[in-house]
Amino acid sequence: MTEDLIIAGFGGQGVMSMGQMLAYAGLSEDKNVLWMPAYGPETRGGFANCTVIVSDEEIGSPVVSHPKAVIVLNLPSLDKFEDAVVPGGVLVVNTSLVNREPKRTDIDIVHVPASDIANEIGSSRAANMVALGAFLAHKPIISIEAVKNTLKKVFAAKPQVIPLNEKALDRGAEAARVQAAV
Amino acid sequence: MKVVFERPEALQNVPFTYCAGCTHGIIHRMVAEAIDSLGIREKTIGVSPVGCAVFAYDFFNCDVVAAAHGRAPAVATGIKRSHPDKYLFTYQGDGDLAAIGTAEIVHAAARGERITVIFVNNAIYGMTGGQMAPTTLLGQKTDTTPYGRDARANGLPIRVCELLQSLDGVAYIERVSTHDPKHVLQAQKAIKKAFQYQVEDKGFTLIELLSTCPSNWGMTPVESLKWLEENMLPYYKLGVYKDIG
Amino acid sequence: MSEKKLMKGNEAIGEAAITAGCRHFFGYPITPQSELPAYLSKRMPQVEGVFLQAESEVSAINMVYGAAASGVRVMTSSSSPGVSLKQEGISYLASSELPSVVCNIMRAGPGLGTIQPSQSDYFQAVKGGGHGDYHCLVLAPNSVQEIVDLVRLAFDLADHYKNPAMILIDGVLGQMMEPVDFGNYKPTFVEKPWAANGCKDRKPNAITSIHIDPKDMEQHNLRLQKKYALISEKEQRSEEWMMEDADIMVASYGMTSRIVKSAIRKAREEGIKVGLFRPITLWPFPEKKLDENINRVKEILVVELSAGQMIEDIKLVNNGRLPVSFHGRMGGMTPSVEDIYDEIKKIHDRLTVKA
């Protein structure tokens, strides 16, 4: 099974590190993983996006035009990637910074006020982890536990940020579950 | 019988192939004598240029690497950084150093590369047959300045010592001449001092030697020496341009 | 036990070089290879190595020339416009037979072009690039793991054949992260009695590329050509994937071959018999394996990020036997899996009609 997703937002929202965290976590579960940043003109104007592929088989193309999932942390990213999601795929929207409803009706949409939740628990910088938690709760391509274990390794040098990020993952997951229940 | 004059060990036992009256021969000898006097022949690597001295490895009795045109300071940097315990000299002409290799010499000096540059300035391209060099004097006729070098059309000659002296990586720069025995003796001292500074790890060193090219100047060797004295010395002032002591 | 690390392609080049015993790197900033010098500027001091940012690509390659001449393992890297500047030095390295590794993280040209991925430096890499009759060994990995394996191989081959070796990848491969296993590899160093590193207890060594007598220069060239023939005989490498029963062969290398693999998977799901032939050494070109495969298939599709460069080598080996078609993108654009699938489908339909 191959899962691919694009994560997009403003530079500084932690889009790249969020994708890397997911790839690291996939690696810890013995999956084949690939992380690819958009670089160059695409990243001008403060936009950032990356592709993550997690697979049980050899990973082919790093270039994904129609991913199974997209996580958007801001409005321009929604505008850019909404149409790219494969029918039946997932779109996670940071409703704190996106003031319109997605138009697609053939995909699952996960609404999560990621920036608001992040602010509430202590830092807007954790919005990326809130969104990741929401995505993984909706579509557990790898376990949230694996991401938490990865956090511990990646932030070994600054352990003080680990609890916040763990909390962010949990709160994101919770938001997605509540939405699913509704 | 007492030996009063012999070939330096750092020169091979072969005749020079330079033109009659060319000062390359005596400059090679002075470099070899400096190497011998410091006892560093086996630890010295020369880098030869593109130009008349391209075959320097035929004459120096030490390891020599032939560089691409102008790149000798970069090549010497590569060797020195790989073997910091060895001593490096580049041997470059005016076209090689001050035209095509300007970036390389400026940055080697700025980095304070521990190398010794032997810069032979004869105000012309020798090997390619006498074209204008960056150091060709105003009014000087060459193959590519048949009416004499004109400031507006051809630019002005570059004074390398003056250009490099402001760089903080430089430990020692001196301009010397080869036009008479007195000046040759001064040149010999300067070259030895430059190598000495390298041995002491002081920084970048460069000796500019005003030199002749009888063949391409179209003069006899004696006329050439006189022309150097009368025309080059006034523009290229001799002296120490930097010495950190 | 070795553990897998997640690394960017550019960084993996740097770490692989260090594990291969390379302690000297000379480079100049250019996108999209900049992670490599940045990585080595951090790593080299940790292993008592040398990282030097040169004043230009030209200087960097000539520093490589000096270091290689003095007998150490040395590397430089750049992206397309910078590699153009290095061509003078590469020609000298080839002529003086100095082992060295040059990485080209290709971006789109001609000119300043764009920093997006491209494979349009194929001709430059495999046909010589600089002046004179010479070849670099050219290795084209298609994953971060293979980058590690081939960078090490590049150092070994360079030393063995006294020849510059080039790692040719595109910007995407340099930028993307994949797991790598560095294993327990130990570099094998060869003696370099020819090196210019001080003539203690021996005659002086001279390293040069000038042989002014044409008779000597021809002999020098003949010797180089003999070496290239030997390399061509011994060092061709390629991957065949799903080729056993294939009617259609897609030839592609580097990152593009990964897109092709995805397209082949999709086509296979629909019963189309298609496989991949992937040159791993671009020079020497894997002619022998390609020839065998041409004898088995019915049609060839070549996919490159260029106007069609490797296709010329494919056609030389094919020698008119099979139809060869091409799909390429230029200017930093990449084909999608669907684009390549469509090309495969077209060929399949044609073959079906014929049958």
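Every chain is numbered from 1, with letters handed out A, B, ... down the list of sequences.
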Main-chain N/O of Ser61(A) paired to Ser262(C) side chain as donor or acceptor, under 3.5 Å = yes
Pro62(A) and its side chain to side chain contact (heavy atoms under 4.5 Å, CB included) partner, picked from Met255(C), Gln175(C), Met177(C) = Met255(C)
Taking the side chain as every heavy atom from C-beta outward, state whether [X] and [Y] have any pair of such atoms under 4.5 Å apart.
X         : Y        : answer
Trp35(A)  : Lys8(C)  : yes
Pro179(C) : Val33(A) : yes
Lys4(C)   : Leu27(A) : yes

Glu58(A) to Arg265(C) - nearest heavy-atom pair and separation | O-NH2, 2.9 Å
Shortest non-hydrogen pair, Met176(C) vs Pro37(A), comes out as CA-CD, 4.1 Å
How would you list, by chain and number, every residue that makes a side-chain hydrogen bond (donor to acceptor under 3.5 Å, both in side chains) with Tyr28(C), sequence neighbours excluded?
-> none
Please indicate whether [X] has more than 12 foreign heavy atoms, meaning atoms of other residues, nucleotides or ligands, lying under 6.0 Å from its [atom1].
X         : atom1 : result
Lys289(C) : NZ    : no
Lys167(A) : NZ    : no
Lys42(C)  : NZ    : no

Checking heavy atoms, do the side chain of Lys5(C), its backbone, both or neither come under 4.5 Å from chain A?
-> backbone
Examine whether an atom of Ile59(A) lies under 4.5 Å from a heavy atom of chain C, and if so say whether it belongs to the side chain, the backbone or both; otherwise answer neither.
-> both
Distance in Å, Leu173(C) CG paired with Met36(A) CE, rounded so as to fall on 0.5 Å steps | 10.5 Å
Out of curiosity, Ser65(A) OG to Asp339(C) CG, how far, rounded to the nearest 0.5 Å?
-> 7.5 Å
Kindly state each residue pair satisfying side-chain hydrogen bond (donor to acceptor under 3.5 Å, both in side chains) with at least one member in residues 171-182 of chain A, sequence neighbours excluded.
-> Glu120(A)-Arg171(A)
Residue pairs fulfilling side-chain hydrogen bond (donor to acceptor under 3.5 Å, both in side chains) with at least one residue in residues 8-30 of chain A, sequence neighbours excluded = Glu29(A)-Ser143(A)
Part of residues 124-134 of chain A lying next to chain C, heavy-atom separation under 4.5 Å = none
